[in-house]
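The analysis underlying the following values was restricted to heavy atoms, covering all of them including side chains, and did not include hydrogens, waters or symmetry mates. So you know, we letter chains A, B, ... as the sequences are listed, proteins then strands, and number each from 1.
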There are 2 protein chains.
Amino acid sequence: MKQFTKHAIKKSLKRIFLYRACLVRLKTMGVEKVFSYTLANESGVTSDQVRKDFSEFNIKGNKRGGYDINDLLERMEKIFHRNKDHNIVLIGMGNMGMALSKYNKFVQRNMNIVATFDIDPFKHKIRSDLPIYPMSRLKEIIDRFRVRVAIIAVPEISAQEVCDELIRNGIKGVVNFAPVLLKAPPEIVINNVNLCDELESVIYYVHQLMSGDGLKNIELLYRDMKY
Amino acid sequence: MKQFTKHAIKKSLKRIFLYRACLVRLKTMGVEKVFSYTLANESGVTSDQVRKDFSEFNIKGNKRGGYDINDLLERMEKIFHRNKDHNIVLIGMGNMGMALSKYNKFVQRNMNIVATFDIDPFKHKIRSDLPIYPMSRLKEIIDRFRVRVAIIAVPEISAQEVCDELIRNGIKGVVNFAPVLLKAPPEIVINNVNLCDELESVIYYVHQLMSGDGLKNIELLYRDMKY
DNA sequence: GATTTGATGTGAAACAATTCACAAAACATG
DNA sequence: CATGTTTTGTGAATTGTTTCACATCAAATC
């Protein structure tokens, strides 16, 4: 059987996120330039890898002089389209939705949750700083704020239904915190974040390491098992 | 420079999570057996891939008969050590920590948050169903409940410090929700979940798809960009 | 300004993951 | 019970990713 899709998220792109996180930290520490091996050390990859990744995204440094952190960050802003503001809607104001609506790092990175939605918009109104709308006003808000990306934090039973509704109203990308795999047309970007799986995979590797018999599979782990 | 580590989380293992999610759903729909291509269709990979993955984990089916869903799920339980109970501690009872402490899916998968910790254990006591302890009682609780895995949901400024403290007290695996890359010895399993990155990567791909110029990199996306 | 040094950038080589292709097994059918 | 059909399981081929190795350049030093 022929696979429907090509190319999931590229590993090199995931590492660009990693590099940026390190660069931001180095910058706050007053560092102004890095060498490929500095960044490599910080992020737990090889210096070759850093240079290859940069080369893929056409990021150039100075021979012998390394890379200027401000240049790098600016370049990465462009890669991630962070020069613009991004309006986001959040569906589901249960425990997780409420926590996400108060997560101030989104704003710091130009991602603004402009509105939240819930089937029962009055339930938590007091505890929320953001407006909570009923689902019936979805289209209106999405159009007004030109929203293209949504966060789903509803119970698993209604996640697919909500997702379909979002797509009908023009949403192109979804981060889904409900523990179900969403189905959507291929032109829609879906990122399922499954908290149980994240925890379970840690338990899996801890067992492997402690029992020792699985070492053929892992040998050594870095500070983030995803890289 | 030689890289410090070999082998991050295996892609095949990540797909096993995916298969299980699909199998659970199929089971609730009354399905009892699957063929490699059934499961492939459900999970958006190829049937070859499914069989290769099963082969890697020594999962056998019946020639012509496909796979029995109950068998498969049982086999996967063993892979993930889900036959046993796992005691977890949660550090940080801010918005995110509070939401995680109320997330009932963990319990359904035999992962029990036995205690939570906060520098200010009285702050939210009323709203929490779980005991909130001061950090000074970390060792006592970890030892009593034989905890090996922790969830970090503290502000980024204290995340590394908390992580070090956890490792000193016997924790072997960490899921970290603070937006920093944690450093830890190689024998410790760390899974950094960065909410901003999850959202940003969706924005990135939505832009790629809409502008069309990046299609050389992605072509088509499935329902989850991670696979 | 010639020479040494230390870094980048990138083809080539090695390694890993995926897809292909088909033998082997199990069931159905006549 | 022989034959045809369907599906698994897995080596072989292909494709993708990482590592190696070194030419190239820019600065530092003599």
Test log, rule side-chain contact (heavy atoms from CB on, under 4.5 Å), inputs B:Asn70 and B:Asp68: CA-CA 6 Å; B:Asn70 284 321; B:Asp68 179 272; 3.3 Å; yes
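- When rounded to the nearest whole Å, the span between CZ of A:Arg15 and C1' of D:dT19 equals 12 Å.
- Of all heavy-atom pairs between B:Leu39 and B:Cys22, the closest is CD1-CB, 3.9 Å.
- One atom, CG of A:Leu13, and another, P of D:dT17, lie 12 Å apart when rounded to the nearest Å.
- Distances shorter than 4.0 Å separate none of the side-chain N or O atoms of A:Gln49 from OP1 or OP2 on D:dT17.
- Exactly one of A:Ile151, A:Val162, A:Leu182 qualifies for a side chain to side chain contact (heavy atoms under 4.5 Å, CB included) with A:Val174. That residue is A:Leu182.
- Atom pair B:Lys11:NZ and D:dT15:P shows a separation of 17 Å (rounding to whole Å applied).
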Please test B:Lys105 against A:Asp197 for salt bridge (charged side-chain N to carboxylate O under 4.0 Å, His left out), starting from the C-alpha separation and ending with a verdict. CA-CA 10 Å; B:Lys105 299 289 158 195; A:Asp197 288 356; over 6 Å; no
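- Judged as a salt bridge (Lys or Arg N to Asp or Glu O under 4.0 Å), and not counting sequence neighbours, A:Arg75 has no contacts.
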Nucleotide N/O of nucleotides 7-11 of chain D paired with protein N/O under 3.5 Å:
residue: D:dT7; atom: OP1; partner: B:Tyr37; partner atom: OH; Å: 2.6
residue: D:dT8; atom: OP1; partner: B:Ser36; partner atom: N; Å: 2.8
residue: D:dT8; atom: OP2; partner: B:Ser36; partner atom: OG; Å: 2.7
residue: D:dG9; atom: OP1; partner: B:Gly61; partner atom: N; Å: 2.7
residue: D:dG9; atom: OP1; partner: B:Gly61; partner atom: O; Å: 3.2
residue: D:dG9; atom: OP2; partner: B:Gly61; partner atom: N; Å: 3.4
residue: D:dG9; atom: OP2; partner: B:Tyr67; partner atom: OH; Å: 2.9
residue: D:dG9; atom: N7; partner: B:Arg51; partner atom: NE; Å: 2.6
residue: D:dG9; atom: O6; partner: B:Arg51; partner atom: NH2; Å: 2.8
residue: D:dG11; atom: N7; partner: B:Lys52; partner atom: NZ; Å: 3.4
residue: D:dG11; atom: O6; partner: B:Lys52; partner atom: NZ; Å: 3.2

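- Salt-bridge annotation for B:Arg15 and B:Glu56: absent, with no side-chain N of the basic residue lying under 4.0 Å from a carboxylate O of the acidic one.
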